Amino acid sequence: MIKILIFIIFFVSKSVISKDFKLVCSEINSSLDIGLSSDFAKIVNFKDRTIVNYSGGFFDDVILFGRNEIIFNNKVFNTRSTFNIATNKWITYKEQYIKRYNCYKDEIKRRF
């Protein structure tokens with residue numbers, strides 16, 4: 001009976017752990033545009049296809065959340081961004097400036 005109870009507690013606790021990743025990005029090349037941040041972080045849930053701004057890059061609206069790429073539009077700062085899920089590369093386009101970022105996924109384990 002105790003083994004069954006332990007199994008149920010273990011199974012339930014694993015199922016409520018969040019599937020979120022903290023996406024941390026740092027710039028590859030320096031740009032002359034100082035309006036673009038040099039690093040930022042976002043919380044991404046690939047299962048539910050949701051993105052939460054953590055630091056930097058606020059006001060991004062998701063246009064497309066595809067299998068291989070996420071496309072963003074920022075009407076406030078007039079930028080467009082793409083994130084390649086396979087290569088973990090983020091590219092931001094603003095007027096004549098292009099800024100490239102390397103990103104890595106840091107797993108977040110939160111219980112709700």
Side-chain angles (χ1 to χ4, degrees):
M1 183 67 176
I2 292 180
K3 290 180 183 180
I4 295 172
L5 183 60
I6 291 172
F7 176 75
I8 290 172
I9 291 172
F10 179 74
F11 180 73
V12 170
S13 68
K14 287 291 184 185
S15 65
V16 296
I17 292 177
S18 174
K19 305 264 191 234
D20 293 346
F21 285 93
K22 183 176 176 185
L23 189 65
V24 181
C25 301
S26 299
E27 111 181 272
I28 297 172
N29 59 336
S30 60
S31 173
L32 297 175
D33 184 16
I34 58 172
L36 295 172
S37 61
S38 60
D39 55 357
F40 60 89
K42 296 188 181 292
I43 297 175
V44 180
N45 186 318
F46 291 108
K47 181 181 174 195
D48 296 335
R49 296 179 175 225
T50 58
I51 297 173
V52 178
N53 291 312
Y54 189 74
S55 70
F58 293 105
F59 312 114
D60 285 333
D61 294 327
V62 177
I63 295 175
L64 173 72
F65 203 125
R67 235 179 319 156
N68 300 321
E69 189 172 45
I70 306 171
I71 300 174
F72 302 89
N73 186 29
N74 187 321
K75 293 180 183 177
V76 174
F77 296 108
N78 196 25
T79 62
R80 209 169 265 262
S81 302
T82 62
F83 174 65
N84 188 316
I85 296 170
T87 62
N88 290 328
K89 302 285 185 205
W90 186 292
I91 301 174
T92 300
Y93 307 94
K94 180 180 181 184
E95 298 170 358
Q96 72 267 26
Y97 299 105
I98 297 175
K99 194 168 254 197
R100 297 174 51 220
Y101 299 88
N102 271 333
C103 302
Y104 69 91
K105 298 172 190 164
D106 188 15
E107 189 173 346
I108 299 173
K109 293 187 178 179
R110 296 184 300 195
R111 296 180 190 259
F112 295 113

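The structure presented is a predicted model; accordingly, all values stated were derived computationally and were not measured.
- Between Trp90 atom CH2 and Asn102 atom CG the span is 13.5 Å, to the nearest 0.5 Å.
- Ring orientation note: the planes of Tyr101 and Phe40 are nearly perpendicular, at an angle over 60° on the 30°/60° scale.
- Atom OG of Ser81 and atom CG of Asp61 lie 11.0 Å apart (nearest 0.5 Å).
- You'll find the side chain of Ile85 reaches within 4.5 Å of the side chain of Lys105, heavy atoms only.
- When each of Asn74, Thr79, Asn78 is tested with Val76 by the rule side-chain contact (heavy atoms from CB on, under 4.5 Å), just one qualifies, namely Asn74.
- Here the side chains of Phe65 and Ile71 are not in contact, with every heavy-atom distance at 4.5 Å or above.
- Taking every heavy atom of both residues into account, Lys22 and Ala41 meet most closely at CE-CB, 4.1 Å.
- For the atom pair Arg49 CZ and Arg67 CZ, the distance stands at 8.5 Å (nearest 0.5 Å).
- Here the side chains of Phe72 and Val62 are in contact, with some heavy-atom distance below 4.5 Å.
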Notebook entry, point to check: Would Phe21 and Asn45 count as a side chain to side chain contact (heavy atoms under 4.5 Å, CB included) if you check the C-alpha gap in whole Å, the side-chain angles of each, and the deciding distance to 0.1 Å?
Noted result: CA-CA 6 Å; Phe21 285 93; Asn45 186 318; over 6 Å; no

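- Side-chain atoms of Ile51 and Val44, non-hydrogen and from C-beta on, do get closer than 4.5 Å to each other.
- Between Asn84 atom CG and Ile91 atom CD1 the span is 8.0 Å, to the nearest 0.5 Å.
- With a 4.5 Å cut-off on side-chain heavy atoms, Glu27 and Asp39 do not count as touching.
- Taking OG1 from Thr82 and CD1 from Ile63, the interatomic distance works out to 11.0 Å, rounded to the nearest 0.5 Å.
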